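Notes to accompany the following structure.
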Protein chains: 2
Amino acid sequence: MYSGIMNTPERLVEATRELLWERGYVGTSPKAIQQRAGAGQGSMYHHFTGKPDLALAAIRRTAGELRAAAGTSLDGPGTAYERIAGYLRRERDVLRGCPVGRLTMDPEVVADDRLRAPVDETLDWLRGKLAGIVEQGRERGELSATLVPADVAATIVATLQGGYVLARASGSSAVFDAGVRGLLALLDPNAGPSVEPSGEPSAEPYADASAEPSAHRSAEPAADNRSR
Amino acid sequence: MYSGIMNTPERLVEATRELLWERGYVGTSPKAIQQRAGAGQGSMYHHFTGKPDLALAAIRRTAGELRAAAGTSLDGPGTAYERIAGYLRRERDVLRGCPVGRLTMDPEVVADDRLRAPVDETLDWLRGKLAGIVEQGRERGELSATLVPADVAATIVATLQGGYVLARASGSSAVFDAGVRGLLALLDPNAGPSVEPSGEPSAEPYADASAEPSAHRSAEPAADNRSR
DNA sequence: GTCTATATAGAGATAGAC
DNA sequence: GTCTATCTCTATATAGAC
């Protein structure tokens with residue numbers, strides 16, 4: 001139930017955005033939307049033709065906000081690596097998952113071109129943005145010249161999206177942070193040599209990486225992850 | 001509707017596995033399960049206490065199959081890089097998503113410890129397995145000694161899980177393949193120097209990585225992706 | 001614009017006959 | 001073991017009064 005500062009269509013869209021994030025399209029009922037928005041059935045069907053129409057409005061707004069937020073991180077100053085690292089380490093409410101990416105697991109969203117379009121365009125835009133940054137980093141000698149920008153961009157976005165999956169599976173954002181650290185280490189131009197000249201297995205901090213479940217350990221705590 | 005080679009509990013579990021993969025837990029109704037299994041309501045409630053019970057059986061079996069399949073790829077011969085590459089490039093039905101990972105977007109699965117446990121354990125096992133391979137690669141000088149096995153393992157699994165998200169958003173497995181190529185390029189011990197000695201922006205195939213949507217291009221077609 | 005009927009279908013199960 | 005009622009609640013609307 002919202003406080004009455006927004007008008008009814010606004011409240012309906014906001015309620016739908018929240019529910020789509022929490023429960024997905026299939027798991028969100030008109031009734032739940034109406035209750036959270038503090039609006040009656042009549043109001044909802046007066047302003048929107050039905051659930052798909054309302055969901056479309058909600059998805060578009062969520063997609064727009066994601067672009068705005070990502071743009072802020074990615075258009076900042078710094079080297080290519082720094083901008084990518086800044087984006088990846090940005091404060092996130094990891095356990096909630098990505099409000100855009102989670103929609104791809106909804107069969108009815110994927111099956112409906114109108115609903116899928118804003119999701120596709122947003123992730124596509126994000127990859128394009130990152131590919132541009134990688135390309136720039138290559139040109140300036142900040143990143144390896146052998147990298148294929150579009151491929152690395154896909155890897156970066158996939159690591160994020162998959163990080164949410166791992167975090168939700170384990171109930172903790174720790175694995176998300178680990179995935180981000182792993183990716184940044186692979187991208188880091190100042191990291192150690194690509195391959196040890198060979199020699200004996202240097203006994204270091206992480207030497208006992210056995211194949212046992214729950215036996216993972218990791219380094220630095222990485223940025224705290226809360227809120228949007 | 002199954003052909004009558006399996007008994008009723010078997011058919012119910014198989015139908016549930018398919019539906020959970022296609023539509024998730026929230027999107028799967030008892031009725032749909034019964035119809036696909038060719039069983040009546042009475043049969044279902046005779047063999048299982050309800051939807052959660054049946055889902056648990058289905059999830060456990062799916063998790064077991066994923067481990068078996070992944071184990072086959074990862075326990076094979078070859079260097080650490082080759083085994084990881086083999087696993088990542090394995091034939092997959094990318095657009096269907098991961099039958100285990102997709103469950104993390106289901107609020108009722110994540111909220112129920114019993115349902116979440118097999119999902120968590122499977123992804124945890126996979127990370128542990130990969131961490132072991134990375135560690136071995138480090139020891140043998142096949143991979144950079146600076147890598148943190150647990151972190152890189154998380155990155156690898158996240159890239160896979162996120163690759164499914166990107167593929168489903170775009171309706172094509174191309175982005176999944178791109179993400180895998182990007183990751184393998186970053187891991188490749190035989191790749192070019194970590195950073196170009198600086199110099200002019202070598203005009204190569206992928207030089208125009210602008211930030212425009214849908215303007216990504218990529219190299220080698222990578223393994224075809226069908227079936228499980 | 002908002003509200004209150006009213007309606008059809010399906011979700012998720014229980015009861016009891018066969 | 002399987003099948004057919006039966007039940008309550010919800011999903012997703014439409015109709016029409018206010």
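Side-chain atoms are counted along with the backbone in the values below, which use heavy atoms only and exclude waters and symmetry mates. The shown structure was predicted, so the numbers you read here are calculated from the model rather than taken from an experiment. Per chain, numbering begins at 1; letters A, B, ... match sequence-line order.
- If you take CD of A:Gln35 and C1' of D:dC9, they are 13 Å apart, rounded to a whole angstrom.
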For A:Tyr164 and A:Arg92, run side-chain hydrogen bond (donor to acceptor under 3.5 Å, both in side chains): C-alpha distance rounded to whole Å, both residues' side-chain angles, the deciding distance at 0.1 Å, then the answer. CA-CA 10 Å; A:Tyr164 289 121; A:Arg92 282 187 167 79; 3.0 Å; yes

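- In this structure, A:Glu14 pairs ionically with A:Arg17, as a charged nitrogen and a carboxylate oxygen lie closer than 4.0 Å.
- In this structure, NE2 of A:His46 is placed 18 Å from P of D:dC18, rounded to the nearest angstrom.
- Between C:dA11, C:dT2, D:dT12, one nucleotide has an atom nearer to the side chain of A:Tyr45 than all others, and that is D:dT12.
- Applying the 4.0 Å criterion to OP1 and OP2 of D:dT2, one finds that B:Thr8 has a side-chain N or O inside that range.
- Across all strands shown, B:Thr28 has heavy atoms under 4.0 Å from sugar-phosphate atoms exclusively, and none from any base.
- The side chain of A:Pro30 lies closest to D:dT12, out of C:dT2, D:dT2, D:dT12.
- A salt bridge links B:Glu108 with A:Arg23: at least one charged nitrogen is closer than 4.0 Å to a carboxylate oxygen.
- Between B:Lys31 atom NZ and D:dA11 atom P there is a gap of 16 Å when expressed in whole angstrom units.
- Contacts of A:Gly42 with the nucleic acid, taken as non-hydrogen atoms under 4.0 Å apart, include base atoms.
- Rounding to whole angstrom units, CZ of residue B:Phe48 and P of D:dG1 are separated by 12 Å.
- Rounded to whole Å, the distance from CG on A:Asp53 to P on D:dT14 is 12 Å.
- Not one N or O on the side chain of B:Arg36 forms a donor-acceptor pair closer than 3.5 Å with the backbone of B:Ala15.
- Per the geometry, CD belonging to A:Gln41 stands 11 Å off C1' belonging to C:dT6, to the nearest Å.
- Taking every side-chain heavy atom of A:His47 into account, C:dG1 is the closest of D:dT2, C:dG1, C:dG12.
- One finds a side-chain N or O of B:Ser43 lying less than 4.0 angstrom from the OP1 or OP2 phosphate oxygen of D:dC3.
- Separating the CD atom of B:Gln34 from the P atom of C:dG12 is a distance of 11 Å, rounded to the nearest angstrom.
- With rounding to whole Å, A:Glu10 atom CD is found 18 Å from C:dT2 atom C1'.
- Here the CZ atom belonging to B:Arg168 is positioned 13.0 Å from the CZ atom belonging to B:Phe176, to the nearest 0.5 angstrom.
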